[in-house]
Amino acid sequence: MAIKTEPILLNLGPIHPSTHGVFRMRALVDGEVITDIEPVFGYLHRGIEKLAEQKSYRQFIPLTDRLDYVASMNNNLAYVTAVEKLAGIEVPERAEYIRVIMSEIQRIISHLLGIGSFFNDMGTFFTPFFYMFIQKEKLTDLLEMVSGQRLLFNYMRFGGVSHDLPDEFLPALNTFLKEMPAEIDKYERLLKENEIVLARSKKVGILSPDMAINSSASGPVLRASGIEWDIRKADPYSIYDRFDFDIPTGTVGDCYDRYRVRVEELRQSIRILEQAVAGIPKGKVLNPVPLRFRPPEGEVYSHIESNKGELGFHVISDGSDKPYRLHIRAPSLLNLTALRKMLTGWKIADAIIIFGSIDICVGEVDR
Amino acid sequence: MEIRTDSTSLDIDRHEGNLIKELRSSSTKPVTEPSGWLSEDLKRNIFLTTVDNVLNWGRKSSLWTETAFTACCTFEFISLSSSRFDIARFGMEVLRSSPRHADLIITAGTLTWKMAPQIKRVYEQMAEPKWVIAMGACGITGGIFADSYSVVPGYNRILPIDVYIPGCPPRPEALLAGIELLRKKVEKRSFLQG
Amino acid sequence: MTVAITGEEVVGALDKELKGAVKSVESEGILVQAEKILDIALCVKNNKNLKLDYLVSITGTDYIDYLEVSYLFYSLDNNKRFTLKVRLENKSNPAMPSLTGIWIGAELQEREIYDLLGITFSGHPNMKRIFLWEGFHGHPLRKDFSNGN
Amino acid sequence: MPFSRFGEGITRGMAITLSHLAKKPVTLRYPEERLNVSRRIRGTELGWSPDNCSGCLLCQDSCPHECIQIEVSGNRSEELPAPCTSACPANVDAARYVSLLEEGKASEAVAVVRERIPFPVVCAYVCAHPCESKCTRGDLDEPVAIRMLKRYAVDNDKGLWKSNAKNATPSGKKVAIIGAGPAGLTAAYYLARKGGHSITVFDDLSQPGGMVRVGIPDYRLPKHLLDRDIDEIKQLGVIFKMNTYIESPEQLIKDGFDAVLISIGAHSSSRLKVPGDDDPRVLGGVEFLRPVNLGQKVEIGDRVVVVGGGNTAMDAARTAVRLGAKDVSIVYRRSRAEMPAAHEEIEDAETEGVKMRLLANPSKIISENKSLKVECLKMRLGPPDDSGRRRPEPIEGSEFILEVDNVIAAIGQKPVIPEGFNFEQEWGNIKVGDDMQTSVSGVFSAGDCATGAATIIEGIAGARRAAQSIDKYLGGTGDISESLVSDYNGQITGKNTIFYSPRQPLPMVDIKTRTTTFHGAELGWDESTAKEEASRCLKCGQLEVTRYRLDGGKCIYCGLCLEACNFNALFMGRGYERTTYLLQETILEKEELTVNKKIQPSAYHHPEMENNLPAQTLLVEGKLKA
Amino acid sequence: MPELITVGAAISPNLPWSDWQFGFWIHLLIFGIGIISLLLGSVIIFIWLERRLVGRFQRRLGPNRAGPLGLLQSVADVIKILTKEDIVPSRADKLIFWIAPIVAFTPVVLMLAVVPVADGALLADLNIGILFVIAISSITALGVFMAGWASYNKYSILSAMRTVAQLVSYEMPLILSMVGVVIIAGSLSLNDIVKTQTVPFIVLQPAGFFIFFIASLAEINRTPFDLLEADSELVAGYNIEYSGMKFATFYLTEYCEAIVLSTLAATIFLGGWQGPWLPPIVWLLLKIGIVFCFIVWIRSTLPRLRIDQVMGFAWKFLLPLAILNIFVTSIFVALWPETPAWLMGLTNLAILVAYILFWSKLFKPGGKAVAV
């Protein structure tokens, strides 16, 4: 005889220590088990797509930093390559290399934060998070040296990058690349075999491959379910076809696999960085373009492999100096499509872990 | 309205929508900053008793922040509490997520009208001696999103602000300077003010 | 390289009665009638050599005299890309069938288009505003939206 | 099962956290140990220097969300030289005459131009307009069409400049000028008007004008307009001796001339230097254009190929089209971005049916009786050479043959210096000191023959300098500046906001008349379009900035305004600890922005500061390097 | 009045005032004040120690600005919390809301009554010391539940449910692990247990100490079992609605529990006040400090377990081990009373290791998704 229980409507509300920003989940909870959960969006909806229609192409660049504020370089890259494809601007060789270096550094920073906050939700009192943060501070130093800012860089322009690398950038990057693999091994020893981590994340929140494809997930969430789809390999943009690296994929598609895929991607990014630093040529870094330049009329969709997944910019121009319509394909929003199916049936503690393993950034979800 | 489990999610949304509309129509002018103490110092420098000094010292050196972080400035606050710019030295690394225990709100991020009632409710729930730091351009005047249809142009529309920190995002040291300024303000608080 | 499937290839692959629904053919996609979109999408997804099983993104645009919704698909196996466009003339209350039946990925994006552009998708499990609050007047991405700030 | 090796993972994790106890904490002890931020930091200290700021409002326009409000007004106390004025080799005050034209004062505008150059009409039609490449409006969308505006002014000139032009008292000195090109005539004009010397100009051609007469085809500059400028010089009493070939300048000195100026230009085009280029059907660029411009009948085949990418090549190709050639193509060894010709010339040539074969270079010419076979090689652009242009490298085995009737080599001109001129020469040009005097005292030289083939405006500028030093040589003051228009007292109205507006379209004659006749291809503007175009000018350096409000609270320190300002007027400091109690303190007015000179400078978009600022503290080496 | 004296004599014979006329009252006074001041003093020190130690584990400095080396940091915290506004939610059940902190705090202090600070120097030398400790320690669960229930907040009710489940299910292993010690010591009084510990019982009873330590971690809601106020899930657990003075008591309870249970571990397993050169009280404080640092070390490394895994761990893993431990020690004590200490300890350790390896193969941490 089942005990009659009365469900509670619980708000894992906008202000909650582990919702990675202002994301809200209205959960109908029966004791500990979640019977139904409804994500509520819009607490950080700043109407960036509407603002884009009132700004010139160049004035929109600082806004792209604030989309996924942990992947500011990749947002810039996605937007700038889209407009370059539309207007046919070519980029000097050195600028392409600099863009790849910056994009990979940004991917390492974002994965470090993603993994760190995944373990924060699991309860380790900020310790692995701060170890990863020490590494992130080193990378932030490098990016601040290049662009002058620590988090939102506004570094890339149409036709290249705004400033050249200072001369002590490459040696500093080399020392970082030499010591980073040892750090990653340390994190592995700290967390990879930890029994409590295995108990909490193995076979939890499984996203089956066909459900992943059907719910248009992308990035580490899609690859953890075993589908080998990475834009840098499938549709190489910029000069990614010159570097050799491989795409880590998971097998089961549970929280543990998502964590493992992100750690492996750290190693692959280091491999790319080493090759890029070795091959960077001399030369100018920017083909200047007027402040209010007018791309030809037309429509373009260009995508890159951002940290959270496929970040696409659909730019529609009517020949004037302001974009007519600019749609941003946000990987974090689409990774959340299957959230309800992944969470129902699990307990609240698991819901936090599964949500943390998807690693969204609310700035990109709500735009 | 009592939100019961059987009420459909649509009318919960509608109820919250009305809250937002009320707040939006009522908060059109910025709330004046509690900066009375600045001028008071010049007029008649109030005599701080030793009890005041001890209390203020206690409050100053254990400010607990509320985790009401919204957007990008969050990561500058986290790097502030991380190993390099460690804020635990000022006794502030205790992040209490319940408003009852916290006594400082740092507005790390853009405030949208949909989020405004939540932030206002959290501020009202906080126990009395409480302060607010407006961090970053979005906190001060809405920053780059000031003229968007869904963004509150500056936290001072709904909260009285004690310290403004420009920057987008302000560096961790700028945040530390802001906190130093706030600690000076807490020191000068007299018991009479309650 | 993700190569775009041309409109002609897809029209060729469609069976006869769907051909009528195709209004115009562009280099990277086709423009179809709003009513027929469900079965065209189904046919495009299950067709053996097209296999466009991954819905990438849905973009809604307000072209003053009509609203256009463009769907972008990938076929992950043979690395192909294809766009499907629909135009809705009446701007007072535009409506079109929802694709959540075939792709779950369309759910949030269609809610976003409903919220920001005002196009209702019939058959959508949870058709309400996604970003703005329920009592918000108007749809921001319409060109005639006055910024009521 | 997760607990299968119970304890082993946990203990290894505990060991790692324990090992961290031994490591030294990386905490920065604020405020004692302040971080040395990057040289390029975009700090929250902002500075603005009123004397550099030209009031062009580019920073206000490039700010994504209007944090900068600027109010400009009337005349500036002391003028800042506008970029277009300083870009012009002859320093023509373009900024002033464009703002004059905004009020439709055409004759005052011409007077401003005449203050610096005697050939306003020639420059209005065919100048290479270096001023437009430096125009600040060019950074925003498209540069102001300064040359077209000058053409509008010249077409509607009422001759106001003549009224307040003053001739100097005759000095009794005699000066001989060899070569009646733009350089020679400019020197003649100034020496006659300001120096008061009696001038005799010798030239071996039949009419004065030099390269402007024989090099530039009619559709670009109708000859009667050239004569309008030359008549002004003739009225000064300059004696012209045409069809006379001077053997040696020393002889002239002996004949009683006190000084001689050699300005014979560069009239012989360099040869192709490929096997088979001695065939009569292979012509030099100038050799082909001279008879056409002098009105003689020139026979030309149906298929013509022009080698070269400069203005002369464009003129040769478009003249060939007008002479009835059916298939005219240009062969140039670099790509379109590197072509030295003005980009509107290239576009006009293309619209008139000239085909462009870029990245190709002739390697051999096989002459047969009925046609010429030109063998060309495809080229590839290598790394940039010291001149900044990328050196073309031939691709082996990529030969292709062009069947043509004529080949025109417009790859550069060299001066023809007769043997009698026995003084130092440098790379085929006459060597002159910085006072434009050759190795023989009393003999000066200016124009293409001294500097090598260059634009008309550079020749005029050289001639001005030569005239000054000749006047000084002859005992005069050497001051040839004149002010022909009353001191401009009109109130220049500044605009507080600038709107995006592209350049006015250049009206052209219909395509059929352009390809068959030599009538002028470009039509002038009417008054309203000229005013509209002139209103696009941002009046850099002419405006006084009365209010510069920057909202520090709203600013996101993205640096776009710094990148937009090319007058070095805005800078960000390295200080970042700017916190205030009151909202008004975050808003910076003009005073706060300029008064705190003690801002530690940041090198953001100021590359010259990159090396003399302290290096950044890097955690990369594992310790806080001071 | 005379029965007072006799009662006093029963307290502890060798204390100087045991035969005074009002010896009993003086004894109560001295030890009462001693325990309270020692506890609160050590709480202040240990809060500071924990924040510094966690900082050091994370390669950063802990609090060092409030007073020399940050020693006055916890003093500042206490001052601030005490003078905060004390908010009582309108819908809260006022009476229970007010009593809950007291009910949660007092048992913690009471437990120290039976802990010997030196030979015979304890407030009440009850011969049923351990029974008293166990009985008192289960009241805090009641206090916490009252707090959770009275503050009319969904999160606190959820965390109150979790408390009852966790604390109750970890009482069993806690008690049974102490039973092993009692069998060897032969007496329930803590003083006798300490005296019989010529060899600290951790050597004799490693399995017992293992169970006791893990169960006490669960009792005081410390990682890996800190589900009670799992700040990443249930925001702040039962003390969400408390602020000001009441929250100070809860904050104090949390740390006092940690100290009390480390004193218990010290007295029962590490030989209480016994130690070669230093005075007995210093030895006791030293051992408490060591156990507390071990707790902090665990807190800054391990993630948190899910509630059903915590339950499964208690009932399926610790309880059988505790019963096995009692069974083995009773065989030793009954059949070979004079076995050397090292042999007994070694067999106990062997059982512990064998048990862990064998059982972890079969042990399933927790259920999968519930079909909804």
Checklist entry - Between A:E53 and A:K322, does at least one N-O distance fall below 4.0 Å, as a salt bridge requires? => result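 Result for this pair is no, no salt bridge flagged.
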Checklist entry - Using 4.0 Å as the upper bound for N to carboxylate O, is an ion pair formed by A:D230 and A:R232? => result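 Salt bridge between A:R232 and A:D230, a charged N being under 4.0 Å from a carboxylate O: yes.
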Next on the checklist: For the aromatic rings, using the six-membered ring if either is Trp, is the centroid distance between A:Y43 and A:F23 under 6.0 Å?
Outcome noted: no
Closest-packed option against chain C by number of heavy-atom pairs under 4.5 Å, given [options]:
| options | result |
| --- | --- |
| A:V40, A:I316, A:D318, A:D235 | A:D235 |
| A:G42, A:P39, A:P236 | A:G42 |
| A:E49, A:R325, A:K341, A:E299 | A:R325 |

Next on the checklist: Ring of C:F73, cation from C:K51 - is the NZ or CZ under 6.0 Å from the centre and inside 45° of the axis?
Outcome noted: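 Cation-pi check for C:K51 and C:F73: fails.
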For [X] and [Y], which I'm curious about, is there any donor-acceptor pair between the side chains at under 3.5 Å?
| X | Y | value |
| --- | --- | --- |
| C:H124 | C:T100 | no |
| A:N11 | A:R24 | yes |
| A:S238 | A:E96 | yes |
| C:Y66 | C:T61 | no |

Side chain, backbone, both or neither of [X] within contact of chain C (heavy atoms, under 4.5 Å):
| X | answer |
| --- | --- |
| A:A330 | neither |
| A:E228 | neither |
| A:L333 | both |
| A:Y324 | both |

Item to check | For chain C, which residues of residues 359-367 of chain A have heavy atoms nearer than 4.5 angstrom | outcome: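 When heavy atoms of chain C are the reference, residues 359-367 of chain A contributes A:V365, A:D366, A:R367 within the under-4.5 Å range.
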Checklist entry - Listed by residue number, which members of residues 302-313 of chain A have a heavy atom under 4.5 Å from any heavy atom of chain C? => result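 Hits under 4.5 Å: A:H303, A:E310.
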When [options] are compared by non-hydrogen pairs under 4.5 Å with chain A, the top option:
| options | result |
| --- | --- |
| C:R111, C:E107, C:K143, C:M1 | C:K143 |
| C:D53, C:V3, C:V56 | C:V56 |
| C:L116, C:I58, C:L132, C:L108 | C:L108 |

Next on the checklist: Using every non-hydrogen atom in the two residues, find where A:K233 and A:D244 come nearest and quote the distance to one decimal.
Outcome noted: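 Answer, listing the atom of A:K233 first, then A:D244: NZ-CA, 4.5 Å.
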Is a side-chain donor or acceptor of [X] paired with a backbone partner of [Y] at a separation under 3.5 angstrom?
| X | Y | result |
| --- | --- | --- |
| C:K91 | C:D65 | no |
| A:R258 | A:G356 | no |
| A:N214 | C:I104 | yes |
| C:D62 | C:L67 | no |

